[in-house]
Trainee: 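Please see the structure below; I have some questions.
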Amino acid sequence: MLRECGLAHKTIIFVLDEFDLFTQGKQRLLYSLLDAMQCVTSQAVVIGVSCRLNGWLKSAYWVVERVISCNVHRVVDVLVDGYLNLQVSVEILNLFLRVYAKNANVEQCLLVFEKMLRNQLLPDVKNCNRILRSLRDRNMVAKAREVYRMMGEVGIKPSIVTYNTMLDSFCREGEVQQALDLLSEMQRKERYPNDVTYNILINGLSKKGEFNLARGLIGEMLNKGLEVSAYTYNPLIYGYCEKGMVVEALGLGVEMEIRGVSPIVSTYNTFIYALCQQGRASEARQWFSVMLKKNLVPDIRSYNTLIYGYCRLGNTNDAFSLLHDLRTGDIFPTVVTYNTIMDGLCGKGELEDAMQLKDEMTRCGISPDVFTYTILVHGSCKAGNLLLAKELFDEMLHKGLEPDSVAYTTRIAGELRLGDILKACKLQEEMSVKGFPPDIIIYNVFVDGIAKLGNLEEATELLHKMVGDGLMPDHVTYTSVIHAYLEFGNLKKARELFDEMISKEISPTVVTYTVLIHAHAGKGRLELAHMYFSEMQQKSILPNVITYNALINGLCTYRRINEAYSYFAEMKARGIGPNKYTYTILINENCDLGNWQEVSRLFKEMLDKRIQPDSLTYSAMLKNLGKDCKSHAIEYLDFIILGDEETSVIAAGEADRAVMVHFGFGPTSYLGKHKSLCAFPDNTKLYCSKHDFIRAV
DNA sequence: TTAGGGTTAG
């Protein structure tokens with residue numbers, strides 16, 4: 001049964017018989033023995049080792065796991081001191097290394113490793129690799145290098161796994177050159193790289209943006225007849241996507257298929273994420289379908305990513321329908337799923353719906369986390385409901401959730417928006433105490449907040465003072481102050497700050513140029529606006545839809561509509577899609593000019609492009625209608641409303657207000673079921689579906 | 001390899 005097998009000083013070593021070990025009674029005995037002996041004497045140690053030849057390691061592993069879970073670490077000392085047969089000691093110590101590595105206890109791993117080496121006991125290379133992997137996962141590359149060196153010194157021959165782990169460590173640190181050096185060393189030692197080696201290097205190179213070198217390695221793999229898999233292509237695809245090079249990424253997808261390499265779920269998830277980030281949710285959805293056609297099962301990440309894509313576009317309806325889809329499958333939504341939709345709702349100003357979703361997730365057993373609260377605090381601030389923001393922040397604290405720097409920053413930005421600089425400063429001090437020293441973002445929040453409140457000099461001072469905290473103002477800091485000066489009408493001072501920014505070699509961005517163009521064009525300084533517009537392009541800073549809108553708006557304001565139209569054409573030609581702002585600006589101008597046919601054409605064009613007009617678009621169209629005409633429109637509205645159960649609650653007399661209430665609700669479904677909306681003074685008709693019309697009015 | 005904080009337009 002229980003055999004005493006060695007007694008030295010106060011140390012007792014027992015060996016358990018395999019048969020007994022697996023009976024429940026014996027397991028209990030072992031536990032109580034461990035407990036008891038630990039209480040009686042700290043040096044009392046139990047090691048159960050099955051001495052049967054078949055499967056003895058498994059049983060011993062089981063015992064070592066228990067010994068470790070009972071914190072009887074001193075067993076190691078007994079073993080290295082040589083109380084047991086050397087061979088058995090090494091085997092058991094290897095088990096300790098294995099269990100410690102499995103428990104991610106790097107400190108104990110290193111301790112055992114070093115003790116073994118000091119006593120000329122050589123650990124198995126597999127366990128050395130386990131230690132190296134733990135160190136890699138903790139980004140302890142220097143220590144990993146030391147272990148690797150010690151292995152060499154005592155003559156533990158590295159395996160291919162050793163090399164691959166070290167290569168991965170170097171790559172994760174961004175030390176691709178060191179990785180390549182090690183590759184040469186491998187080849188010198190005739191340790192030939194395998195597919196994993198190449199995959200790791202391709203990953204490292206892709207992260208550095210060295211796409212051509214990475215692609216070259218794929219070529220090398222093929223030449224050597226090594227297996228090229230999705231794990232080879234994924235890092236490269238991910239690297240391209242991260243740089244926004246979706247065309248190249250998708251091209252690699254095609255290349256994979258040609259070479260007979262099957263993409264896996266994560267490959268498609270990468271495509272989906274990249275497309276969603278660029279606002280191309282419909283294309284992302286197509287990849288989702290491709291995945292299904294290939295009998296691959298989308299995971300929660302696929303769903304979360306696509307939901308994110310829809311939310312980015314403000315399309316929360318499709319996001320909700322995906323939430324429903326995944327529930328009907330075997331996949332369960334996570335806190336990320338809910339947070340994503342809640343952020344989408346907040347972005348549209350639908351705070352109440354977001355709050356409801358918070359209740360719903362709680363009912364489903366998913367606890368709101370710091371992200372959830374930050375999203376809602378941000379949403380409440382945006383909606384101007386600072387009281388709710390405070391309540392939510394406090395609720396987060398009461399639940400024992402620790403706000404991180406993002407949560408604090410969000411709250412501070414809210415206080416500043418409402419003008420409470422003192423409260424903002426207090427929160428910032430609290431943040432510092434909690435170990436979040438001011439970063440560039442918190443400075444930018446203060447600079448922008450203070451500037452927007454009209455304290456321009458104070459903001460400028462803060463911009464110059466942050467250097468004292470070791471933080472350099474960046475393009476956002478300068479853009480904020482420049483923007484504030486422009487808004488308060490001091491164009492000259494704004495231009496001076498812009499020059500200062502350039503002289504400090506802080507590169508302006510499209511946002512910087514856009515605020516300058518917007519202000520100058522809006523104030524009739526069209527030549528300067530044009531100057532900035534061409535200057536940015538000389539610097540390869542590409543204008544976006546907002547830049548064009550700023551220009552078009554200025555040109556319209558100063559009745560230079562032909563030039564406005566030529567920019568309108570230019571942006572389309574450059575693939576920059578006009579949005580609801582662009583159309584509203586042009587519709588507004590054409591209404592002022594009485595070009596009703598053009599208004600009608602523009603309105604139809606935007607609906608055709610599935611761009612949802614909002615209250616300002618409709619106000620622009622309705623503002624110049626004669627009273628008769630307006631009442632005609634409202635009569636028509638009544639006619640439609642009366643036939644519609646859902647909206648019939650709106651009293652006919654309140655139709656005008658109802659118009660405003662229903663503006664901007666959800667996506668327009670322009671189904672081509674035309675009905676006339678209203679007639680302009682020259683009898684031009686505006687057409688849209690009944691559905692749109694109700695939304696509009 | 002999915003979610004949150006800072007600068008832009010009607």
Side-chain angles (χ1 to χ4, degrees), chain A residues 234-235 237-238 241-242 264-274 276-277 299-309 311 334-344 346 369-379 381 403-414 416 439-449 451-452 474-484 486-487 508-519 521-522 543-554 556-557 579-589 613-617 619-620:
Chain A
N234 279 3
I237 288 174
Y238 185 75
C241 287
E242 236 185 358
I264 55 178
V265 172
S266 57
T267 317
Y268 289 112
N269 285 352
T270 308
F271 290 154
I272 292 171
Y273 184 54
C276 286
Q277 269 194 319
D299 59 13
I300 185 63
R301 289 178 180 215
S302 322
Y303 279 98
N304 286 348
T305 309
L306 203 46
I307 285 172
Y308 161 74
C311 286
T334 61
V335 64
V336 176
T337 322
Y338 282 102
N339 289 349
T340 309
I341 303 180
M342 285 160 76
D343 191 46
C346 287
D369 62 6
V370 176
F371 277 73
T372 319
Y373 282 103
T374 308
I375 289 163
L376 292 172
V377 169
H378 189 228
C381 291
D404 59 11
S405 70
V406 180
Y408 271 114
T409 308
T410 311
R411 177 80 209 288
I412 290 170
L416 285 170
D439 61 2
I440 179 78
I441 295 186
I442 198 79
Y443 261 107
N444 287 346
V445 166
F446 271 100
V447 168
D448 183 61
K452 278 208 171 79
D474 68 358
H475 57 100
V476 178
T477 332
Y478 270 98
T479 305
S480 294
V481 184
I482 289 169
H483 181 232
L486 293 167
E487 287 291 295
T509 65
V510 58
V511 182
T512 323
Y513 276 106
T514 302
V515 298
L516 285 162
I517 290 166
H518 174 246
N544 62 23
V545 59
I546 307 175
T547 323
Y548 273 102
N549 289 349
L551 261 180
I552 292 170
N553 183 50
C556 283
T557 309
N579 61 13
K580 69 177 178 185
Y581 291 82
T582 328
Y583 282 103
T584 306
I585 295 163
L586 288 170
I587 285 172
N588 184 54
E589 180 59 15
D614 65 13
S615 61
L616 288 168
T617 322
S619 307

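Proteins get letters first, then strands, A, B, ... in listed order; numbering begins at 1 in each.
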Trainee: From the list B:dG5, B:dG4, B:dT1, which nucleotide is the closest neighbour of the side chain of A:Asn234?
Mentor: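 Nucleotide nearest to A:Asn234's side chain: B:dT1.
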Trainee: Reckon A:Asp299 touches a base, only the sugar-phosphate, or nothing at all at heavy-atom distances under 4.0 Å?
Mentor: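 Here A:Asp299 touches no strand at all.
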Trainee: By the definition side chain to side chain contact (heavy atoms under 4.5 Å, CB included), identify the one residue from A:Val445, A:Thr512, A:Asp448 that meets it with A:Ser480.
Mentor: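 The option that passes is A:Asp448.
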Trainee: Give A:Val511 one of three labels, base, sugar-phosphate or nothing, depending on what nucleic acid heavy atoms sit under 4.0 Å from its own.
Mentor: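 A:Val511: base contact, heavy atoms under 4.0 Å.
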Trainee: Considering only side-chain heavy atoms of A:Phe371, which listed nucleotide, B:dT1, B:dT2, B:dG4, is closest?
Mentor: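 Of all the options, the side chain of A:Phe371 is nearest to B:dG4.
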Trainee: Taking any heavy-atom pair under 4.0 Å as a contact, classify A:Thr617: base, sugar-phosphate, or nothing.
Mentor: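 Base contact.
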Trainee: By the 4.0 Å heavy-atom rule, please label A:Thr409 as base, sugar-phosphate, or nothing.
Mentor: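 Touches a base.
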Trainee: Taking only side-chain N and O atoms of A:His378, does any of them lie within less than 4.0 angstrom of OP1 or OP2 on B:dG4?
Mentor: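 No, because none of the side-chain N or O atoms of A:His378 sits under 4.0 Å from OP1 or OP2 of B:dG4.
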Trainee: Can you tell which of B:dT8, B:dT2, B:dG4 lies closest to the side chain of A:Val370?
Mentor: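 The answer is B:dG4.
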Trainee: Please determine whether a side-chain nitrogen or oxygen atom of A:Tyr408 lies at a distance below 4.0 Å from atom OP1 or OP2 of B:dG4.
Mentor: no
Trainee: In sequence, state the C-alpha distance, the side-chain angles, and the governing distance for A:Asp369 and A:Thr372, and then conclude on side chain to side chain donor-acceptor pair (under 3.5 Å).
Mentor: CA-CA 5 Å; A:Asp369 62 6; A:Thr372 319; 2.8 Å; yes
Trainee: Please classify the nucleic acid contact of A:Ile585 as base, sugar-phosphate, or nothing, using heavy-atom distances under 4.0 Å.
Mentor: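 The residue A:Ile585 makes sugar-phosphate contact but no base contact.
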Trainee: Between B:dT7, B:dT2, B:dG10, which one does the side chain of A:Asp448 approach most closely?
Mentor: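 Minimum distance to the A:Asp448 side chain belongs to B:dT7.
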Trainee: Ignoring the backbone of A:Ser405, work out which of B:dT1, B:dG10, B:dG5 is nearest its side chain.
Mentor: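 Minimum distance to the A:Ser405 side chain belongs to B:dG5.
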Trainee: Could you work out which one of B:dT1, B:dG4, B:dA9 sits closest to the side chain of A:Thr270?
Mentor: B:dT1
Trainee: Within a strict 4.5 Å, meaning less than it, do heavy atoms of the A:Ile412 and A:Thr409 side chains meet?
Mentor: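 A side-chain contact under 4.5 Å is absent here.
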Trainee: Is A:His483 close enough to B:dT8 that one of its side-chain N or O atoms is under 4.0 Å from OP1 or OP2 there?
Mentor: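 Affirmative; the distance criterion is met.
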Trainee: Stepwise, does the side chain to side chain donor-acceptor pair (under 3.5 Å) test hold for A:Thr270 with A:Thr267?
Mentor: CA-CA 5 Å; A:Thr270 308; A:Thr267 317; over 6 Å; no
Trainee: Does A:Thr372 reach a base, just sugar-phosphate, or nothing at all? Heavy atoms under 4.0 Å.
Mentor: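 The residue A:Thr372 makes no contact with any strand.
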Trainee: Whole-Å distance between B:dA9 P and A:Leu486 CG?
Mentor: 11 Å
Trainee: Would you indicate what A:Thr340 reaches in the nucleic acid, counting non-hydrogen atoms under 4.0 angstrom: base, sugar-phosphate, or nothing?
Mentor: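 The answer is sugar-phosphate, as A:Thr340 gets under 4.0 Å only of primed atoms, P, OP1 or OP2.
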Trainee: Just the rounded figure in Å: distance from C1' of B:dG5 to CG of A:Asp343.
Mentor: 11 Å
Trainee: Just how far, in rounded Å, is C1' of B:dG4 from OH of A:Tyr308?
Mentor: 11 Å
Trainee: Side chain of A:Val335 only, please: which of B:dT8, B:dA3, B:dG10 is the nearest?
Mentor: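 Side chain of A:Val335 sits closest to B:dA3.
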Trainee: What contact category does A:Ile440 fall into here, base, sugar-phosphate, or nothing, at under 4.0 angstrom with non-hydrogen atoms?
Mentor: base
Trainee: Check every atom of B:dT8, B:dT7, B:dG4 against the side chain of A:Thr479 and return the nucleotide holding the closest atom.
Mentor: B:dT7
